[in-house]
Amino acid sequence: MDIYRLSESINKLGHIGYVEGRGTSRMAYSDAFYKGRDYVKSLMEEAGLTTHIDAVGNLTGVLEGSEPKKIAIGSHIDTVPNGGMYDGALGVLAGIEAVRSLKEMNYQNRYTIEIIAFNEEEGNVVGGTFGSKAFAGAKLEDSMIEKMAQYNMTISDFKSAKRNGKDYLAYLEYHIEQGGILEKINTEIGIVPGIFGIIRYRVVVNGVANHAGSTPMYLRNDALEKSCNFITDSYNMARKKNNTMVCTIGVMNIEPGAVNVIPGRAEFVIELRDKDMTDMYEVINELQEKYAGDSIEMTKIIEQENTVCSPELISLLKECAEDLGYSSATVYSGAGHDLINTSMIMPSALLFIPSVKGISHHKDEFSKNEHIEKGTKVLIEAIKRIDGGDYDEN
């Protein structure tokens, strides 16, 4: 493979929508997105791929094989506002580089290879992993329908993008880690057994608003103080449950919101993520039991099941890394990816490389060329082994 060619394409795509000092903004259906997609389409065609854009904006490039089934490699090219150059884009561009490298080796693929640039993975416009939801025929969320209409898309358009999973042997997604674990343990390749599930609860804590100066501490029913106790317990319970669960409270509203009034009501959202849904619900149940009589209401607002990658593909990726002489480790993904949807219809696996300082969704997001090259070589080797019959999901 040509790391300089791949690095150049990452840099060129990364500068579409880039503003100095702020980062790259290439949200789905924006002018920058369309310009970026045109650039990626041109790279696919230069690599000899036949391109197609479906009704929701997913771009695919196909290298035909002699056998009917396909090997898919994909990720996304949209970004968060003021994001980085590597998140999503690496996986698409490395897939194109893999095809170019195989052709330069005079490799003759048996199975069709399909590179997919999914649209709207980030969810800033229509909704998270929108493009791969359509591709996999996943449930269309009600919140997406009105937003789709703003971009002249219909439910029929969404349904028309659906693929048949039986047409595919496997899906591989190559991504920066978006965390600091691989860098911390000085490991080159992350093999991902699964993606964390997510549950979110809206928590309303009721107290009694009163004068802050004339109400002694022992007579107060302070909603914020009760919230602080609840939040501290949430964090501690998550830490105690296992070493993978994460707990976050990132938004809070306090009423009446005056410096001289005891808070009478607080509302916030607690989010838990983990590889095991059971463990997360045990934490929720513990919180509900402990605060049952304390005027605290908990309402579930989101449940996203954890995703399990194909064990056979995981083993294959480990073998590829080992045979190439690269260090590897098992790393779960706390962030969502398009693989959440592809895994519903075909065997899927996720490959990570280190992200410097664990930074992602930020202008300083960066992965070293040496790691990009090694990850791409693992991807190429995996494609060859799947194509050569070394992989059998059955």
Verify same cluster id: Val308, Leu350 (apolar side-chain graph, 4.5 Å): no
Should Leu63 and Leu6 be regarded as members of a common hydrophobic cluster, given that ILVMFWY residues are connected when their side-chain heavy atoms come within less than 4.5 Å of each other, either directly or indirectly? yes
Test: ring-ring contact (aromatic ring centres under 6.0 Å, His included). Region: residues 209-231. Which pairs qualify, not counting sequence neighbours? Phe230-Phe268, Phe230-Tyr291
Could you walk me through whether Lys377 and Glu373 satisfy the salt bridge (charged side-chain N to carboxylate O under 4.0 Å, His left out) test, starting with their C-alpha distance in whole Å, then the side-chain angles of each, then the deciding distance to 0.1 Å, before giving a yes or no? CA-CA 6 Å; Lys377 286 182 175 178; Glu373 182 174 16; 3.5 Å; yes
Verify whether one side chain among [X] and [Y] offers a donor that lies under 3.5 Å from an acceptor in the other.
X	Y	answer
Tyr168	Arg163	yes
Asn109	Glu67	no
Tyr171	Asp338	no
Asn58	Asn119	no
Ser42	Glu46	no
His361	Asn82	no

Crowded around Glu104 CD? As in, over 12 foreign heavy atoms under 6.0 Å? yes
Ion pair present between Arg273 and Glu271, side-chain N to carboxylate O less than 4.0 angstrom? yes
For Glu20 and Arg22, what are the C-alpha separation, side-chain angles and deciding distance, and is it a salt bridge (charged side-chain N to carboxylate O under 4.0 Å, His left out)? CA-CA 6 Å; Glu20 187 66 39; Arg22 296 180 62 183; over 6 Å; no
